[in-house]
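Heads up: the structure comes next, in structure tokens.
Letters A, B, ... are given to chains in the order of the sequence lines, protein chains preceding strands, and every chain is numbered from 1.
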Number of protein chains: 2
Amino acid sequence: MKLSEAKAQFISSWGAFGTHWGINRTMAQIHALLLISPDPITQDDIMEQLNISRGNVNMNTRDLVDWGLVDRVLIPGERKEFFSAEKDIWKVATQIIKERKKRELDPMLKLLGQLEKIDGDKKEKNVKQFVDTVSGIRKFGNQADKMLDVMIRADESWFLGSLLKFFK
Amino acid sequence: MKLSEAKAQFISSWGAFGTHWGINRTMAQIHALLLISPDPITQDDIMEQLNISRGNVNMNTRDLVDWGLVDRVLIPGERKEFFSAEKDIWKVATQIIKERKKRELDPMLKLLGQLEKIDGDKKEKNVKQFVDTVSGIRKFGNQADKMLDVMIRADESWFLGSLLKFFK
DNA sequence: TTGAATTTTCAAAATTTATTGAAAATATAT
DNA sequence: ATATATTTTCAATAAATTTTGAAAATTCAA
């Protein structure tokens, strides 16, 4: 298989993969392109390589920057703006975990905490099942939350870092 | 807060939450409804409570059964079919992990393995970056794969089970 | 300043995905 | 067997999401 063919396949499946994870196809494809680009590239490079419009590139690179997965790079003497992706896949993973935790898990846990405090007879089976379900999910979610915090901090702590290097 | 209000909120946010995880909104809402229902319920119950069409309920309950999250229940003397969800949230989580691993992670790892074997000079920086990226993701993915296998089997193995009970 | 290069915005269009509902298929009781 | 209840299918429709592209805003050099 030639590099060009492999690139196309990688970008396309990374894009499809992304859609299963709440990330839009194009954003994931741009990310894929940046991951395999040894040097920073411009909006125009992305437009050309993926055959998408300028507006589309602009919006999705902005999202990638917001997610902390891509950096804007200024190259001295160049007028255009360049983009470059974090290449360490462990850092990519922890960054995604960190963001999703903040955007999805934390708000959900907050809501569940409120829903547990409903009025009504805890002996009535509908009330009981509701409270049991909600508190079960909340407890599970809190454990997951703690576990993810450990993973996220692993890079910043020597001890946990060397422990989790195993998974790198 | 009253039960009816809390129910509505739980169903709606579980649905929104689901969309971030590659599951469609309605499927997640039906799942939420089943999670808080102490007894099995019918297609008609679901249609009525969520205000959605029969066809929609049918397709989404089928998907939930395929995902292994919901069971069809036959109640003696009843003509209609009833549905009931697994209530143990740990089992729900491992089931989801198991399915997503099979549907998404495993095929991706297979593809990455193929993409690594491209032709071309490994010293050329475009080739090098491609191979490095792909193999980095593959290695990370393989570790994740193993870790998830451990979690999935935790329920079936006494030793790992008691180890991971910690997270329950 | 002015003007050219570049980036950003956002309403309209295109595409993708989800939902409906009625007809067909299936299952069950008499 | 026949009638009735129930489930399933799927083409048509609706809704949600993504993409475009041209105009507006911004940046920067001279």
Side-chain angles (χ1 to χ4, degrees), chain A residues 11-34 40-67 70-84 103-104, chain B residues 11-34 40-67 69-84 100 103-104:
Chain A
I11 290 169
S12 139
S13 17
W14 198 248
F17 201 59
T19 60
H20 292 296
W21 288 89
I23 288 164
N24 100 16
R25 193 194 293 326
T26 304
M27 184 171 152
Q29 288 184 347
I30 295 175
H31 188 217
L33 176 61
L34 287 168
I41 62 180
T42 65
Q43 268 201 358
D44 294 83
D45 295 331
I46 298 172
M47 285 169 66
E48 194 185 323
Q49 299 229 23
L50 302 181
N51 259 292
I52 57 180
S53 73
R54 182 174 305 286
N56 201 359
V57 171
N58 194 275
M59 286 183 145
N60 284 110
T61 48
R62 165 203 287 272
D63 279 350
L64 284 165
V65 171
D66 286 348
W67 274 80
V70 165
D71 288 326
R72 291 174 196 279
V73 178
L74 292 174
I75 293 188
E78 291 278 3
R79 188 74 176 273
K80 288 183 183 171
E81 202 168 47
F82 286 70
F83 295 96
S84 148
R103 295 171 190 218
E104 297 155 30
Chain B
I11 290 169
S12 140
S13 17
W14 198 248
F17 201 59
T19 59
H20 292 297
W21 289 91
I23 288 163
N24 100 16
R25 190 191 299 320
T26 304
M27 182 171 154
Q29 287 184 350
I30 294 176
H31 188 218
L33 176 61
L34 288 168
I41 61 179
T42 64
Q43 268 200 359
D44 294 82
D45 295 330
I46 298 171
M47 285 169 65
E48 194 185 323
Q49 299 229 23
L50 301 182
N51 258 290
I52 56 179
S53 73
R54 183 175 303 286
N56 200 0
V57 172
N58 195 274
M59 287 183 146
N60 284 110
T61 46
R62 166 201 286 272
D63 279 351
L64 284 165
V65 172
D66 287 348
W67 274 79
L69 298 172
V70 166
D71 288 326
R72 290 173 197 280
V73 178
L74 293 174
I75 292 188
E78 290 279 3
R79 190 75 176 271
K80 289 184 184 173
E81 200 167 49
F82 286 71
F83 296 95
S84 145
R100 299 200 65 171
R103 294 169 192 220
E104 296 155 29

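Atom-to-atom distance recorded for A:Arg54:CZ and A:Asn58:CG is 8.5 Å, nearest 0.5 angstrom. Taking CD1 of B:Ile52 as the reference point, atom CE of B:Met47 lies at 8.5 Å (rounded to 0.5 Å).
Taking every heavy atom of residues 70-78 of chain A and every atom of DNA chain D, no pair lies under 4.0 Å.
Regarding B:Leu50, its CG atom lies at a distance of 16 Å from the P atom of C:dA18, rounded to whole Å. To the nearest angstrom, P of C:dT19 lies 8 Å from CD of B:Gln29. To the nearest angstrom, C1' of D:dT8 lies 14 Å from CG of B:Asn60.
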(message) Base contacts versus sugar-phosphate-only contacts with protein, heavy atoms under 4.0 Å: please encode nucleotides 20-30 of chain D as B, S and - from 5' to 3'.
(response) BB-----BB--

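The phosphate of D:dT8 (OP1 or OP2) has a side-chain N or O of B:Asn58 nearer than 4.0 angstrom.
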Can I get a per-line list of side-chain donor-acceptor pairs under 3.5 Å for residues 69-82 of chain B, giving both atom names and the distance, sequence neighbours left out?
residue	atom	partner	partner atom	Å
B:Arg72	NH1	B:Glu81	OE1	3.0
B:Lys80	NZ	B:Asp44	OD1	3.3

Side-chain donor-acceptor contacts of residues 16-31 of chain B below 3.5 Å, not counting sequence neighbours, with atom names and distances?
residue	atom	partner	partner atom	Å
B:Thr19	OG1	B:Ala16	O	2.5
B:Trp21	NE1	A:Glu104	OE1	3.3
B:Asn24	OD1	B:Thr26	N	2.9
B:Asn24	OD1	B:Met27	N	2.9

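Residues that satisfy the side-chain hydrogen bond (donor to acceptor under 3.5 Å, both in side chains) test with B:Asp63, not counting sequence neighbours, are absent from this structure. By the side-chain hydrogen bond (donor to acceptor under 3.5 Å, both in side chains) test, B:Asn56 is found to be paired with no residue, residues two or more places apart in sequence or in another chain being considered.
The backbone N or O of B:Thr42 sits less than 3.5 Å from a side-chain atom of B:Asp45, completing a donor-acceptor pair.
Nearest heavy atoms, B:Phe83 versus B:Leu34: O-CD2, 3.5 Å.
Residues A:Thr19 and A:Phe82 both approach DNA chain C. Their nearest nucleotides, taken by heavy-atom distance, put A:Phe82 toward the 5′ side.
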